[in-house]
Structure formats: structure tokens, C-alpha cells
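Some notes on the structure that comes next.
For the numbers below, each heavy atom of this structure counts, side chains included, while hydrogens, waters and symmetry mates do not.
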Amino acid sequence: MIQERYASARKLYQQAGVDTDRALETLKNIRISMHCWQGDDVRGFDQDGPLSGGIQATGNYPGRARTPRELMADMDMAMRLIPGSHKINLHASYAVFEKGEFADRDALKPKHFQKWVEFAKERGLGIDFNPTFFSHPKAEPFTLSSPDEEIRQFWIRHGQACIRISQYFAEQLGQPCVMNIWIPDGLKDVPADRLGPRARFKDSLDKILGQPYDKTKVYVCLESKVFGIGMESYTVGSSEFCVNYAAQKGILSLMDNGHYHPTEVVSDKIPSMLLFSEKLALHVTRAVRWDSDHVVLLDDETKEIAKEIVRNGAVDRVFLALDYFDASINRISAWVVGMRNMQKALLFALLQPAGRMKQLQEEGNFTELMVLQEEMKLYPMGDVWNYFCEMCNVPVEGAWYAQVKDYEAQILADRK
């Protein structure tokens, strides 16, 4: 039945000038980086303190991963339900220490992530990485912009260590590692000095990038943010700072679509960034009123982000990762829903007659363009998606959820 429906859909899309086989082959090769921190509510394994840095994971749904083994098992379960081959995204706070061993963040070494490399290598996954500049005694209220030189140097060493670890990932797995720098530094109320902290941040980044690394293996990114809890009035790493610094230093800008003012959309920024940058990195999330990191849905902005990547020929130029954490629902379901929705958005974009649409715009034929755009919304993408899932040996439609419920009953229910 699935193959028959795909054959019918294929013919319909052919009439619109779209090759569904080619679209599926492209989709199959797009690697999305699945974030580990959805599985344990961003707690990590190197400290027992509360979340900090303006981050909150709300909810108390049972079954949170408490150990590296549990987190890896949960990620394994999610990956079995997601078509294609992907990457995993780690924070430095997810280092795995042997019994009795501990290294503070400025002393982390590749060996502390060996278990993750083994996990990824066995499954053909890549690894992306993030220094963790939050949830640490030395992370309040400033890190790389701290006026306390001892604290600032601690975090510089952390960033340098993370570059070395990122190159270890790339060399071990044969895939580039995207290493993203984001700091939560800022102030709750109106600052007296906006320049000074940013000057210190710039100097800190310069020193981190002074750590030698292979730029063909490690792509260092810089991520901006508009505000956070406890830093409502001033964020050191603003968009203007991060975009300008990345351009000057030849590193990548990373745009998180929850890190801008509510009237800004990342989809509109992507084409401009692609004109001036060879590559770009994205954290796809869903902001509800603010940067609240909700599970990615197949909503308008997710589809628009995918369309801008696809129709600008940037599938090989944009690094895609997800970033959200919802502790109010089954965490594995959150991963699967978000990852599959990002893939559905990409498929929707790949199934658009982009060349014809661009031609209509160039000709000024906006009536026909609007008609075509609206008609394509009701084309049978679902039949193509189900065929893709079957082709990748994962459950079609909502059949995957039964496996998650069984996993919850058999595994998650025992976690207290």
C-alpha cells in the first residue's frame, strides 16, 4: 500500500516538475545533529548544582536519564525511530568519568569523551560539541567577559580544551565537528558599561581561537542571544557582536531561531548570511513568546527555514542541529517528534518546484506564483514521507510511538 501510494504521489509531483526520488536521496544524506541535553533536562554529569545561565527545563515527567549509560540507551532508542543517519550534539558537561576520577572544565581531555566516541563509531554517527559556560560555580554572573581575571582565564582554558576535544571527535569519526560557543553573560538591569564586557569577551575568544586546530575538521561557531532570565537588560553576546566577530575571524555564525526578538525570523536571515559566509550553522527550536526551547513542530517557520536552505542550494553549506528541552513529556518522544519534523520540513522544501517559483517571481507573475505555492501545500507529501520511512526501515506515520510507550513501561518506569 505504501509503495502504491508513493507511485501515485510520484506521478503527481512529476507533473509539477519535481523528482521525488531525487528529493529522497538528498534527504537521506542530510545529517541533523540531535542534542543530548533533551534526555536529562540539561543536567550533565559533572556537577549536582542547579541549571544556570538563564536556562530552565520545566516539568517532572518520569524517566529522566541519570547516567551516561541511560542517556546513551535513550538516544539509541530515539535514533532507531528516526530515518537516515545523523549526528549527536554534546555539551562539555557530559564528560564521562571513570569511578573516582574528575576533571574540572578547564582540564577536560579527549579521554573523558572516549565513551561517546565509541558510542558514535559503532553507529556511524558524527559528534558536534559545545563548551559549557553555565551551571558551574564560576559561571555567575560572567564567564568569558568576567572582570575577574582568574575566572575569565578559567573559561578561556575551557574553550581551548573544547577545541582539542572537537578535533579528537573529527579525527576519530572521520566527520567534521561543529563546535559552538555560547555564553550566558549579561545583566538583569541597565548596565553602566556595555563596551567593557564585550571587549573582554572579544579578547577571550581571540585567545581560544589561538589554540591550534585543523579548520577542515573543526568548525568553530559563535551563537548570539537577545536576552535570558536574569539578563533581561543586557546580553554580552549580542547578534551584532557575534556576526561581526565571526566574519572578522573566519569562523561560523550560529543562529538559534529562539534567540531573536519575536518579530525577527531566522528564515529571512539565512539568504543574507549565505551571501557573505561559505557555511552557516543553525539551532532549530520553537520559541513560545520567548526563548523557551519547545519541541520543534512542523510549523510555518520550521518549513520556511528548510525552504531557504533547499532553494538556495545550501544543503551542503548549512549545519543543522536541534536545541530544545521539555521535561513535561516523554523525552524520547520529544527527540523523535523534533527530528522527524525537521526532516519533514526539509522534504516539503525538496518537493517544491523551486526553479519554476523563482522564474515566476522574476517575471513578476505574482498571481500564478501565489496559486502554485498554495496548490503545492496539498500535494501528498505524507505518502512520500511514509515511503522514505519504509525505505529507511523505521516506523511510518505514528507507529513509532507504540515502541516508545513499550520502552517507557519496560525501562523508564524503573527510574526513580
Side-chain angles (χ1 to χ4, degrees), residues 32-35 37-43 50-61 64 89 91 130 133-135 139-141 180 182-191 194 222-243 253-270 272-273 281-308 320-331 333-342 344-345 348:
I32 302 170
S33 197
M34 191 178 87
H35 55 308
W37 50 94
Q38 164 57 40
D40 76 329
D41 307 339
V42 210
R43 298 201 182 193
L51 275 175
S52 70
I55 298 171
Q56 284 189 350
T58 56
N60 57 357
Y61 197 91
R64 177 184 68 84
N89 203 358
H91 253 285
N130 308 260
F133 295 102
F134 56 86
S135 297
E140 297 291 346
N180 179 49
W182 170 77
I183 62 168
D185 299 27
L187 292 170
K188 183 176 182 64
D189 220 327
V190 181
R194 298 178 189 270
L222 188 58
E223 178 182 8
S224 66
K225 192 170 184 179
V226 66
F227 87 104
I229 299 174
M231 52 209 74
E232 292 87 353
S233 297
Y234 172 67
T235 303
V236 177
S238 64
S239 177
E240 293 77 12
F241 176 96
C242 292
V243 170
S253 288
L254 185 144
M255 297 190 296
D256 181 309
N257 61 294
H259 285 193
Y260 297 89
H261 290 284
T263 55
E264 292 183 280
V265 287
V266 162
S267 57
D268 186 55
K269 300 176 186 294
I270 290 173
S272 295
M273 296 298 293
L282 298 180
H283 274 185
V284 182
T285 185
R286 179 167 56 99
V288 178
R289 306 193 193 289
W290 65 292
D291 179 34
S292 46
D293 291 300
H294 286 63
V295 177
V296 170
L297 301 182
L298 189 60
D299 57 15
D300 288 343
E301 176 58 4
T302 304
K303 288 191 285 187
E304 287 300 316
I305 286 171
K307 282 194 285 187
E308 291 300 333
L320 271 173
L322 303 190
D323 183 6
Y324 54 80
F325 33 95
D326 190 338
S328 70
I329 60 176
N330 181 290
R331 295 167 182 82
S333 292
W335 268 322
V336 178
V337 168
M339 289 286 285
R340 287 171 67 120
N341 277 337
M342 187 70 247
K344 289 175 185 176
F348 182 82

(message) side-chain contact (heavy atoms from CB on, under 4.5 Å), that's the test. Do Leu298 and Lys303 meet it? Break it down for me.
(response) CA-CA 7 Å; Leu298 189 60; Lys303 288 191 285 187; 3.9 Å; yes

(request) With sequence neighbours left out, write down each residue that passes side chain to side chain donor-acceptor pair (under 3.5 Å) with Ser253, or none if nothing qualifies. (result)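 Per chain and number, Ser253 pairs via side chain to side chain donor-acceptor pair (under 3.5 Å) with no residue.
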
Under the side-chain contact (heavy atoms from CB on, under 4.5 Å) test, residues paired with [X] that sit two or more places apart:
X	answer
Ser292	Val288, Trp290, His294
Ser238	Arg198, Glu240, Phe241
Pro191	Leu187, Arg194, Tyr234

Hey, what do you get for [atom1] ([X]) to [atom2] ([Y]), rounding to the nearest 0.5 Å?
X	Y	atom1	atom2	result
Met255	Glu264	CE	CD	10.5 Å
Leu322	Asp293	CG	CG	11.0 Å
Met34	Leu320	CE	CG	15.0 Å
Leu254	Trp182	CG	CH2	12.0 Å
Arg286	Asp326	CZ	CG	8.5 Å
Met342	Leu282	CE	CG	8.0 Å

(request) Would you indicate whether the side-chain heavy atoms of Glu304 and Ile270 approach each other to under 4.5 Å? (result)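 The answer is no; the side chains never approach within 4.5 Å.
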
(request) Can you sort out the partners of Tyr324 under ring-ring contact (aromatic ring centres under 6.0 Å, His included), two or more places apart, ordered by chain and number? (result)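 If we apply the ring-ring contact (aromatic ring centres under 6.0 Å, His included) test to Tyr324, skipping adjacent residues, the hits are His35.
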
(request) Would you name the heavy atoms of Gly237 and Cys242 that are closest together and state the gap between them? (result)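 Between these two residues, the closest heavy atoms are O-SG, 3.7 Å.
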
(request) Looking only at non-hydrogen atoms, find the nearest pair between Ala345 and Ala306 and report the distance. (result)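 Here Ala345 and Ala306 meet closest at O-CB, 3.3 Å.
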
Output yes when a side-chain donor or acceptor of [X] lies under 3.5 Å from a complementary backbone atom of [Y], and no otherwise.
X	Y	value
Glu301	Ser267	yes
Asp40	Arg64	no
Thr302	Leu297	yes
Ser135	Ser52	yes

(message) Working note: Asn130 + His283, criterion side-chain contact (heavy atoms from CB on, under 4.5 Å); need CA distance, chi angles, decisive distance, verdict.
(response) CA-CA 12 Å; Asn130 308 260; His283 274 185; 4.3 Å; yes

(request) Fit a plane to each ring of Phe134 and His91, take the angle between them on a 0 to 90° scale, and name the class: parallel (under 30°), tilted (30 to 60°) or perpendicular (over 60°). (result)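 If you compare the ring of Phe134 with that of His91, the planes turn out perpendicular.
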
Side-chain donor-acceptor contacts of residues 223-232 below 3.5 Å, not counting sequence neighbours, with atom names and distances?
from	atom 1	to	atom 2	distance (Å)
Glu223	OE1	Asn180	ND2	2.7
Glu223	OE2	His259	ND1	3.3
Lys225	NZ	Asp291	OD2	3.1
Glu232	OE1	Gly230	N	3.3
Glu232	OE2	Gly230	N	3.1

(request) Could you check Val295 against Ile329 for side-chain contact (heavy atoms from CB on, under 4.5 Å), going step by step and ending with a plain yes or no? (result) CA-CA 10 Å; Val295 177; Ile329 60 176; 4.0 Å; yes

(message) Within the supplied structure, the quantity of interest is the number of heavy atoms (other residues, nucleotides, ligands) at a distance under 6.0 Å from Asp300 CG; does it exceed 12?
(response)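 No, the 6.0 Å shell around CG holds no more than 12 heavy atoms from other groups.
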
(request) Start with the C-alpha distance between Asp41 and Arg331, add both sets of side-chain angles, then the distance that settles salt bridge (charged side-chain N to carboxylate O under 4.0 Å, His left out), and finish with yes or no. (result) CA-CA 9 Å; Asp41 307 339; Arg331 295 167 182 82; 2.9 Å; yes

(request) Show your working on side-chain contact (heavy atoms from CB on, under 4.5 Å) between Thr285 and Asn257 and close with a plain yes or no. (result) CA-CA 6 Å; Thr285 185; Asn257 61 294; 3.7 Å; yes

(message) Within the 3.5 Å criterion, strictly below it, is a donor on Trp37 or Asn89 matched to an acceptor on the partner's side chain?
(response)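 No, no side-chain donor-acceptor contact under 3.5 Å.
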
